[in-house]
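One is the number of the first residue; the rest follow in order along the sequence. Whatever order the structure lists them in is the order used to number ligands and atoms, beginning at 1.
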Amino acid sequence: MKSISVLGSTGSIGTQTLDIVKKYPKEFKIVGLTTNKNILLLKEQIEKFKPDVVSVMDKEKADELKSMADVEVVTGINGLTKVATLNEAETVVTAVVGSVGVIPTINAINAGKDIALANKETLVTAGEIVMDLAKRKQTRIMPVDSEHSAIFQCIVGEERGEVERIILTCSGGPFKEYSTERISNATVKEALSHPTWKMGGKITVDSATLMNKGFEVIEARWLYDIGYDNIDVAIHPQSIVHSMVEFRDRSIKAQLGIPDMKLPILYALSYPKRFKADFPRMNFGKNINLLFSAPDTSKFPCLSYAYESGRAGGVMPAIMNAANEVAVDYFLKAKIPFVMIQKTIRHMMDSFKNISTPDIEEIMETDLMVKEESRTFLDK
Ligand code: MG
C-alpha cells in the first residue's frame, strides 16, 4: 500500500486524485491533505480519507477548521511543507497552482519523497535545480500532466539516447478558430470553455493563450533532458493522441486515450504497474478523425515566449511565469482584457535582467519582484 500526501487536494487535480485513491483502497492510503482556503470540502475529505495532518494556507480558515475537525491542522507555507515531508508519505502529489508549489516540492524531494508532479510552475521556474536534486536524492518525478505522462509511457523500455524528438500535442484551446481581434477581447466565460479538457480556472486560461503548452515545452525539456530544438508542438483538436516521441530510426510512438486526467493520475500513482480501470473504451468502429497542424504563434505569442525564455534560461522562465500568474489572476477577476495577459508577459520579459545561474533564493526573489511589478503595471 502506498501512502500519499496531496498538496492542493480541493482543486481539480486534487479531487480527481482522491477519486482514484477511493477506487483503489487496497493500493493507496492518504496521510496528508492541503487546501488554500476551501475548508468545507477539506472537512469532507478528512472524514472520508482520515489523513494524519492537513494544512490550510489561509491562517483564519485554518483556525476555523481546527474547531470543526478532529485532525492536526497546520497553516501557511510551513504547513504546506510539513504535509509535503510527512514521515509516513511515500509519494507527494503536487497539485497546488502557481509558484507557491516550488518550495514544498523541493522540500519533499529533499525528504526523499517520490513526486507525482501536477504543479507545472515548479519545473518552469526551477527545472534545473529540481531535476538535479531529484537525481541526487534518487527520487522519482512522475508527470501527472497528460502530455508528459504520454511521453513517459512512450519512452518506458527505450534507450534515452535514442530519443530524437518530442511532439507535444495541444488541443488549441477555445480560441483556435478566433481572429486575433476577437481573441484580444475574449471574455472570462469564453476563455473558461475549453473544448476537450475540464480543468481548474488558471490552467484553462493558460490553455486559451497557449501559455500552458509553453509551460509544457519547458517541463518536457527538464523531465526528459532534451533540447528546445527537439521539442515540437502539434495542434490536435481531438485530444486523443496525448503526445508522441520520435526515435533516431524515425519511428514514432504515440500514447492515446480518452481525455480524462484520471488516467495520467492513476499511471503516476500505479507506476511501474498498471491497475485495472473501468474508464470508457475508445471505440474505433466510429469514424475517429485525428487531425494535426502547426500552432499559429502570431495569434498565440505566449507559446513563442516560452521557447524564448526557456532558451534564455536563468530566471527568464520564472519572470515569464510570474507575469503570467498575475495577469491571469487579473483576467479571471475581469480587471483586464485577454490581450493584456500576453502584453504583461512581454513587458516583464523585456524589463527584467536575466540572472544566468540562479540559486533557488534568487528565483523566488525574482518571482516576488516580477509579481509586484506586474501588479503595478496592470493597476496603472
Ligand atoms: Mg497538459
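Between Tyr305 and Asn324, the closest side-chain pair of non-hydrogen atoms is not below 4.5 Å. By the 4.5 Å heavy-atom criterion applied to side chains, Ile109 and Val130 are counted as neighbours.
Atom OD1 is the N/O/S atom of Asp145 found closest to the Mg ion (ligand 1). Checked against the Mg ion (ligand 1), the N, O or S atom of Glu216 at the shortest distance is OE2. Shortest distance from the Mg ion (ligand 1) to Glu147 is reached at OE1 (N/O/S atoms only).
Using a 30° and 60° split on the angle between ring planes, His148 and Tyr224 fall in the parallel class, below 30°.
Side chains of Ser99 and Lys371: a donor-acceptor N/O pair is present below 3.5 angstrom, by distance only.
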